[in-house]
Structures are given as C-alpha cells and as structure tokens.
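To start, the structure itself, in structure tokens.
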Amino acid sequence: MKKALTLVLSLLVGISFAANQEVAADVIQIKAPSVKATTINIRQTKILMDVVNTGSQSHTVIAVVSPVAKKVQLHKTTKQKNHSMMTAVKDIKVPAHRGQKLTNSGLHIMLIGLTKQLTAGQEVPVTLVFEDGSEITVYARASV
Ligand SMILES: [Cu+2]
C-alpha cells in the first residue's frame, strides 16, 4: 500500500513538473524582423529582430533556417580598435521576462551563401529553433 502511494505521488510530481515547463514558441514573440537588402554580388547579409520572452524561464535559440541561404549562422559583432569583427556563436540566450535584441552591432543572424538577391520590400522566411525543439517562423522584411 505504501509502495503504491509513493508511486502515485511520484507520478503526480512528474506530471506537475512537465506542466510547469514552458514551450519556448508559446512565450516568445518576434518583433520587427528585418533583413538588410543586398546588391547583385553580395552573398551574405544580416537579419535583425527583437526576440521578446514573455515567459518566466530563459530560452535559447539553437539554430535558424531560411530558404534563401545555403547556411545560416548565429553571429556576434565585436568592436576591435579600428574595425568590427563578426564571429559565430553556438546559440543565443533569450532571458526570462525580457528577451534579446538582435542588432547590427551585437548578436544577429547571418545568412551566408544567398541563393538570390534580396531587394527592398521582399519578405524572407526565417525559422528560429529553440532548445526544446519548438520553432517560430517569421518574415523578415528587406530594407536598405
Ligand atoms: Cu554576421
């Protein structure tokens, strides 16, 4: 009897624990997604947006996909003495209750090996993949 009760209790704890886990895609909102328009010979460009986390747990962007580029990387711009440099980062943290702005001079998404020119006004589909496997797809508007 005691054993059965323990089993029931641990099942209940398990269920409530699962219910407390937020799904990243349910609590994250993407504001103002944009992509820098390109000229004919340019093969890479940046995507910027405001990743807002309305949830109470931190989440992480682990990958981004877009059909207009052969490769998509998560990048960080760092200021050097006379120039700025971009390096790839493994993931982008999205802190609870606030989020993370992706900017020209900070963390951003990099489209590499563009399969076509992106002209102003065009809408580029971008899918963000989070640590729990959930995804959000938005359309980044190209602007100069
Ligand atoms: Cu970059």
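Numbering of ligands and ligand atoms starts at 1, following listing order.
Of all protein N, O or S atoms, those under 2.8 Å from the Cu ion (ligand 1) number 4.
Asp26 meets the salt bridge (charged side-chain N to carboxylate O under 4.0 Å, His left out) test with no other residue; sequence neighbours excluded. With sequence neighbours excluded, the residues that form a side chain to side chain donor-acceptor pair (under 3.5 Å) with Glu131 are His59. For Lys36, there are no side chain to side chain donor-acceptor pair (under 3.5 Å) partners at least two apart in sequence or on another chain.
Ile47 CD1 to Leu111 CG: the interatomic distance, rounded to the nearest 0.5 Å, is 4.0 Å. The structure places OG1 of Thr127 at 6.0 Å from CD of Glu135, a figure rounded to the nearest 0.5 Å.
Ile30 is not listed as a side-chain neighbour of Asp50, based on a closest heavy-atom distance of 4.5 Å or more.
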